[in-house]
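So that the names make sense, note that chain A is the first sequence line, chain B the second, and so on, each numbered from 1.
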There are 2 protein chains.
Amino acid sequence: MTKKSTQLAYIQAYEYIRDQILNGELERGTKLVEERLAEEMGISRTPVRDSIRKLEQEGLIKDKRVVNPSDSDLRDIFQVRTLLEGFAVRHCAMYMSEGDLDKLQECVKVGRSGTMEQVMTANKEFHEIIIGATNNPVMIDIFERMQSIIYLFRKTVVYHKRPLLIDEHQDIYDAIAAHDADKAEQLMKAHLQLDLEFCLQRMKG
Amino acid sequence: MTKKSTQLAYIQAYEYIRDQILNGELERGTKLVEERLAEEMGISRTPVRDSIRKLEQEGLIKDKRVVNPSDSDLRDIFQVRTLLEGFAVRHCAMYMSEGDLDKLQECVKVGRSGTMEQVMTANKEFHEIIIGATNNPVMIDIFERMQSIIYLFRKTVVYHKRPLLIDEHQDIYDAIAAHDADKAEQLMKAHLQLDLEFCLQRMKG
DNA sequence: TTAAAATATTTTGTATACAAAAACAGAAAT
DNA sequence: ATTTCTGTTTTTGTATACAAAATATTTTAA
C-alpha cells in the first residue's frame, strides 16, 4: 500500500479542491471563496490560498473561479496535445519496450471488457503510457496539465461514450507494434481530432 | 508611456525576484529565504511566499533555490521547443501576414547591425514573433515558460556569441517568405539543435 | 419603475505571531 | 578523522487580525 497522504495542510487543500473540480462537485464557473473552503476543511485561509494559487497556475482555476474553457481554449489545447502525442507515438513506434507494449495492449483489452470506471482509467492510461515513453519530464508535465483540463469533461465523455474510440486505440497500438511510425502518428492525429470534435459537440449541451 | 506598475506587493515581489534571477544577480542554485527577501523589499513574508510559489510553478525556482538545469533538463526543454517552433514556423510559412513578415525581417536586420543589447532583444523577438503567429495562447504560454529558463543562460550566450546564429535566422526568414514550409521547419530544427549544443557547451564552463 | 448614489457586506491582500520542521554546529564516541 | 548524537538556530507552515478592495444592497432621486 502506498501511503501518500501528506499531513501538510496546503497539500491536503490542493488535493481536496482539485478532486472536487475534477469530479464535478465544483462546477465550472463556480466562485471559490477562500474562507468558505477553509472552514469546510477545518483549516485556515493561508494554505487554502496557496492551493488556489497553484491550481490557478495549472489552469484549473481562473480569476477565483473553476475554469470554464471555451471552444477556442479547447482547440488550442488540442493543437498542442496533437503535437506532443504525435511526436510521442512516433517515438513509441521506433523505440518502445516490450514491457510498455504489453501495458498498452492491456489498456486496449480493458477498454473493451472492463467496467465503466475501468474503461475510463484504461483509456486515459493509454495516452499516459505513450507520452511517458518519451521519458521527457517537461513533455509529461505539460501533457498532464492539459489532460486535467480536458478531464473537466470527463463526466460528459463517460455518459455519452464515443463508440469508435477503442477501435482507434487498437489501430494505434497495432501501428506502434508494427513499428510504423508514420501510420501511428497519422492515426493518433485523426484520433485526437475526433476526440476534440466530440468534446466540442458535447460542450454545447 | 505604459504605466504597468501594480501596487500589489506580491506582484512587485514576483517581478523583483524574477528579474534578479534572469539577470543573474541571483545565481543558479542560490537558496531563497523568504524573510531575507521580504526585508530587502520592505514588505512582509506573505506576498514573498506567494511569488516564490509562482516562480516555482514556472520552473525558475526548485526546492527554494534558483533552478540549475542539468544537461538533460536542457535537452528535454529543447525537444519540446523544437516541436512547438517547428509547427509554428510551418504555420508562418503558410499563413503569415505581411506585417509580421516585415517585423521578422526587421529582427534579422537589427540582429546584424544593433548594439549588443539590441541584438539580444531582436534575436529573442524573432522566435517570439514566430510562436506568436500561431495565435495559440496555450502554445505561447508554454514557450514563454521554457524561454525564461533558457534565458538563464543569457549572459553566457551574450558573452560568447554564436557567430552563425543570425545567418540561420536569415535563412529561416527567407524560407518563410518563400512559403516553403518544409524548408522552414527543417531549418528551424537545425537552428535549435545548434543552439542547444551551444548552450550545453557553455554550461560546462 | 428605473437609475444613481450611498451604505453595508463580503472577500481579498498583507502583516504578524507562533509552532513545527529542517538545517546547522559542536561535542562525544568510535 | 569520521561518524553519531545532542542541542541550537534558522526557516518554513499555519493561524489570526486588520485594512483595502471588490460586491452586493439599500436608499434616494428622477
Which pairs of donor and acceptor atoms, one on a side chain in residues 94-108 of chain B, lie under 3.5 Å apart (sequence neighbours left out)?
| residue | atom | partner | partner atom | Å |
| --- | --- | --- | --- | --- |
| B:Ser97 | OG | B:Asp100 | N | 3.1 |

Nearest whole angstrom, please: distance from the [atom2] of [N] to the [atom1] of [X].
X	N	atom1	atom2	result
A:Lys31	C:dT9	NZ	C1'	13 Å
B:Glu35	D:dT9	CD	P	16 Å
B:Leu32	D:dT10	CG	C1'	15 Å

Partners passing side-chain hydrogen bond (donor to acceptor under 3.5 Å, both in side chains) against A:Lys64 (at least two apart in sequence or in another chain)
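Testing A:Lys64 for side-chain hydrogen bond (donor to acceptor under 3.5 Å, both in side chains), a comparison that skips the adjacent residues, returns none.
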Please list, chain by chain and in numerical order, all residues satisfying side-chain hydrogen bond (donor to acceptor under 3.5 Å, both in side chains) with A:Tyr10, sequence neighbours excluded.
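In terms of side-chain hydrogen bond (donor to acceptor under 3.5 Å, both in side chains), with neighbours along the sequence ignored, A:Tyr10 is linked to no residue.
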Once base and sugar-phosphate atoms are separated, protein heavy atoms under 4.0 Å mark nucleotides 13-18 of chain C, 5' to 3', with B, S and - as BBBBB-
Enumerate the side chain to side chain donor-acceptor pair (under 3.5 Å) contacts for residues 66-77 of chain A, please, sequence neighbours excluded, ordered by first and then second residue.
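As it turns out, the side chain to side chain donor-acceptor pair (under 3.5 Å) pairs with a partner in residues 66-77 of chain A, which skip direct neighbours, are A:Ser70-A:Asp73.
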Residues which pass side chain to side chain contact (heavy atoms under 4.5 Å, CB included) with A:Glu39, listed by chain and number, not counting sequence neighbours
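For A:Glu39 there are no side chain to side chain contact (heavy atoms under 4.5 Å, CB included) partners, ignoring immediate neighbours.
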